[in-house]
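See below for the structure under consideration.
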Amino acid sequence: MLDIKLIRDDPEVVRQALEKRGDSAPLDEILRLDERWRQLLREMETLRAERNEVSKRLGRMADKPPQLIADMRRIGERISSLEAEIGQLGAELEDHLLRLPNIPAADVPVGNDERDNIEVRSWGQPRHFSFTPLPHWELGERLGIIDFQRGVKLSGSRFYILRGLGAHLQRGLIAFMLDLHTNEHGYTEIYPPFMVKRECMVGSSNLPKFADNLYHDEEDDLWFVPTAEVPLTNLHRDEILPPGSLPLHYVAYTACFRREKMAAGKDTRGIKRGHQFDKVELYKFTEPEASDDALDRMVKDAEDVCRRLDIPYRVVQLCTGDLGFASAKSFDIEMWAPGCGEWLEVSSCSNCSDFQARRANSRYRPKPQAGPRFPHTLNGSGLALPRVLISVLENYQQADGSVTVPEPLRPYIGTETIRAS
RNA sequence: GGAGGGGUGGCCGAGUGGACGAUGGCGGCGGUCUUGAAAACCGUUUUCGCCUUUGGCGAACGUGGGUUCGAAUCCCACCCCCUCCGCCA
């Protein structure tokens, strides 16, 4: 959420930010609502002050003048009706504010869509194959480790089943990444709920605007997390972190649930885009001044996974038009998948500045006695599982149809080779 | 899910209609004393919003409604925690 004071004082900044994103919002309507809201608030508070003053006097009087009480009753009625109107305006205003995206950082390249993103670096050489590398859906079926048909039988399209060493490989990858980030990169592991309350979704900014991509339990109003970013953003909601708390570095494994109802038929082949997938997520709370460096560090932590697995990748900076709703600045990491011939997005690392912290009302105290401030929050995949699984299978496939297990995963899998069973 | 008890400031804990943003204690911060520290003593210590901003006013005692000139205090609903019972990985 943006600071209403910024919109009041400098609406032009917000207007330009929206334009750079290729987005729009009813800023004039917001300003009008805000003006009216404040006007009524002033009126109501004046009346309340009067009532408080008179009530105090009445309390001290032995004989309470009926005329005064009658006057106060009328003021009370006026206050009630103002309260109702202010509440209504406030709710409208808040709804608008919650639908306003974050302002892109000054150094984000301006552009319309993913075609304007900028590759900032790449690592590794695509492997040369003496045969035609297979896409993972063929590899997976031949090896008996991915079962598409039964996945669909159980849950419908965009669901699959991992079997035997396929399931084991995914589990090993999760453990490998968690160990790497906790032992070597200084993150604290969190195991959060996979279902959260509505206000958590508002805090992370999935609600109110993106409800149609979420699974929702009607009976208890619980929402299935589309990413661990949601519970992690809300870990310190309504808290004021004491001096010296920052930075906080968290890593969490969760399953992720997304409706993906747009683009039915797109990316349906294989396991690239499902309704349920696993992900290891990195998350940071930092002081505002430190968030830029923290983002670079986070991208490197995610890259480290690719390097250790020895899979070629590239890092892409998102242009203003391709930035996520909450993000001020983002980098994607894409792994090369030679079987399907694609760069697969395995991570998206974002600096959300104080956007989510304000929504979740997470604050910190810079020094003892100092007033509270909003920290910056950052999130990034470290990494998203099904796509890393794809890359491992496709990059490590052999001429005989087997797949070699990458060196660092062997302790987790207990075997060097995956063969058809 | 059933029965009973309870939710007050960073923590403990008073307060059952009016001077209570809230006694007291602990913790924190500042000071006096001391070579230094401890003890003792003194002071200070929530957050948000609005405004004509060295200041003024409003709001918040789990949450939301209600009664009242006036609610931490009375009424209603809901949520959460504790104890016992039931169920269960």
Side-chain angles (χ1 to χ4, degrees), chain A residues 1-10 30-98 191-203 207 217-223 231 234-246 248 254-255 285 354-375:
Chain A
M1 187 153 65
L2 300 181
D3 189 350
I4 181 67
K5 286 176 193 146
L6 174 70
I7 305 172
R8 253 180 230 159
D9 298 344
D10 207 347
I30 290 173
L31 289 167
R32 194 187 63 74
L33 281 169
D34 177 55
E35 184 57 51
R36 178 79 179 138
W37 176 80
R38 283 187 293 157
Q39 183 191 338
L40 295 184
L41 188 70
R42 282 196 297 273
E43 189 184 335
M44 182 190 67
E45 290 189 345
T46 306
L47 290 176
R48 274 186 176 164
E50 184 183 348
R51 182 175 69 179
N52 287 347
E53 194 268 322
V54 172
S55 288
K56 234 172 241 182
R57 268 181 17 228
L58 269 172
R60 272 172 281 163
M61 292 181 193
D63 297 316
K64 308 196 190 309
Q67 184 57 48
L68 206 49
I69 289 180
D71 287 351
M72 285 308 106
R73 180 176 290 137
R74 252 197 336 277
I75 284 187
E77 280 160 9
R78 175 66 183 145
I79 288 172
S80 293
S81 88
L82 279 168
E83 272 172 350
E85 203 175 340
I86 288 166
Q88 178 67 34
L89 283 169
E92 263 179 73
L93 183 59
E94 197 194 13
D95 188 63
H96 275 116
L97 291 177
L98 288 173
Y191 175 79
F194 292 7
M195 297 154 85
V196 296
K197 295 183 192 180
R198 173 181 295 270
E199 51 264 42
C200 292
M201 287 296 179
V202 174
L207 287 179
D217 162 57
E218 294 281 344
E219 190 168 348
D220 296 313
D221 196 26
L222 283 173
W223 299 72
N234 288 278
L235 209 54
H236 299 294
R237 79 170 304 122
D238 295 323
E239 288 181 31
I240 299 175
L241 298 164
S245 303
L246 301 183
L248 288 168
T254 68
F285 292 84
D354 64 2
F355 189 83
Q356 290 177 321
R358 182 172 279 112
R359 291 172 83 108
N361 192 32
S362 300
R363 289 168 297 165
Y364 76 103
R365 201 179 297 286
K367 290 191 179 111
Q369 320 302 333
R373 297 176 77 193
F374 291 111

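In the text below, chain A, chain B and the rest are named by the order of the sequence lines, each starting its count at 1. These numbers were taken from a predicted model, which means no experiment stands behind them.
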5' precedence on RNA chain B between Ile240(A) and Leu41(A) (nearest-nucleotide basis):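 Nearer the 5' end of the strand: Ile240(A).
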Residue whose nearest RNA chain B nucleotide is more 5′ - Gly59(A) or Lys5(A):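 Going by which nucleotide is closer to the 5' end, it is Gly59(A).
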Searching all strands shown, indicate the nucleotide that pairs with [N] (Watson-Crick or G-U wobble; both distances under 3.5 Å).
{"N": "G58(B)", "answer": "C48(B)"}
{"N": "A72(B)", "answer": "none"}
{"N": "A39(B)", "answer": "none"}
{"N": "U67(B)", "answer": "none"}
{"N": "U34(B)", "answer": "none"}

Quote, to the nearest angstrom, the [atom1] distance that separates [N] from [M].
{"N": "C74(B)", "M": "U68(B)", "atom1": "C1'", "result": "10 Å"}
{"N": "C11(B)", "M": "G62(B)", "atom1": "P", "result": "13 Å"}
{"N": "U46(B)", "M": "C61(B)", "atom1": "C1'", "result": "12 Å"}
{"N": "C12(B)", "M": "G17(B)", "atom1": "C1'", "result": "27 Å"}
{"N": "A14(B)", "M": "U8(B)", "atom1": "C1'", "result": "10 Å"}
{"N": "C33(B)", "M": "G21(B)", "atom1": "P", "result": "37 Å"}
{"N": "A22(B)", "M": "G31(B)", "atom1": "C1'", "result": "27 Å"}
{"N": "A19(B)", "M": "C85(B)", "atom1": "P", "result": "45 Å"}

NZ/NE/NH1/NH2 to OD/OE distance under 4.0 Å, Arg42(A) and Glu45(A):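 Looking at Arg42(A) and Glu45(A), the cut-off is not met.
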salt_bridge(Glu83(A), Arg48(A)) N-O dist < 4.0 Å: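 Looking at Glu83(A) and Arg48(A), the cut-off is met.
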Sugar-phosphate, base or nothing in reach of Arg60(A), heavy atoms under 4.0 Å: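 Arg60(A): base contact, heavy atoms under 4.0 Å.
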[X] [atom1] to [N] [atom2]: how many Å, rounded?
{"X": "Asp221(A)", "N": "C78(B)", "atom1": "CG", "atom2": "C1'", "value": "14 Å"}
{"X": "Arg48(A)", "N": "C69(B)", "atom1": "CZ", "atom2": "P", "value": "17 Å"}
{"X": "Asp238(A)", "N": "G62(B)", "atom1": "CG", "atom2": "P", "value": "16 Å"}
{"X": "Arg42(A)", "N": "A59(B)", "atom1": "CZ", "atom2": "C1'", "value": "17 Å"}
{"X": "Arg365(A)", "N": "U45(B)", "atom1": "CZ", "atom2": "P", "value": "13 Å"}
{"X": "Leu58(A)", "N": "A71(B)", "atom1": "CG", "atom2": "C1'", "value": "15 Å"}
{"X": "Lys64(A)", "N": "U68(B)", "atom1": "NZ", "atom2": "C1'", "value": "12 Å"}
{"X": "Leu40(A)", "N": "A59(B)", "atom1": "CG", "atom2": "P", "value": "17 Å"}

Nucleotide nearest Pro372(A) (side chain, heavy atoms from C-beta), chosen from G49(B), C69(B), U47(B):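 When the side chain of Pro372(A) is considered, U47(B) is the closest of G49(B), C69(B), U47(B).
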Check: Gln369(A) side chain, G28(B) base, donor-acceptor under 3.5 Å: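 A donor-acceptor contact between them is absent.
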Using a cut-off of strictly less than 4.0 Å, decide whether [X] has a side-chain nitrogen or oxygen near OP1 or OP2 of [N].
{"X": "Arg8(A)", "N": "G49(B)", "result": "no"}
{"X": "Asn52(A)", "N": "G58(B)", "result": "yes"}
{"X": "Arg363(A)", "N": "C48(B)", "result": "yes"}
{"X": "Arg38(A)", "N": "G49(B)", "result": "no"}

Pairwise distance OG(Ser362(A)) to CG(Asp238(A)) - rounded to 0.5 angstrom: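 Here the rounded value is 7.5 Å.
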More than 12 heavy atoms of other groups within 6.0 Å of Lys64(A) NZ: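 Yes, NZ of Lys64(A) has more than 12 neighbouring heavy atoms, counting only those of other groups under 6.0 Å.
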Side-chain touch Arg51(A)/Val54(A), heavy atoms, less than 4.5 angstrom: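 Arg51(A) vs Val54(A): side chains apart.
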Arg358(A) side-chain N/O to Leu2(A) backbone N/O, donor-acceptor pair under 3.5 Å: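 A pair under 3.5 Å: no.
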Partners passing side-chain contact (heavy atoms from CB on, under 4.5 Å) against Asp9(A) (at least two apart in sequence or in another chain):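 Applying side-chain contact (heavy atoms from CB on, under 4.5 Å) to Asp9(A) gives Lys5(A).
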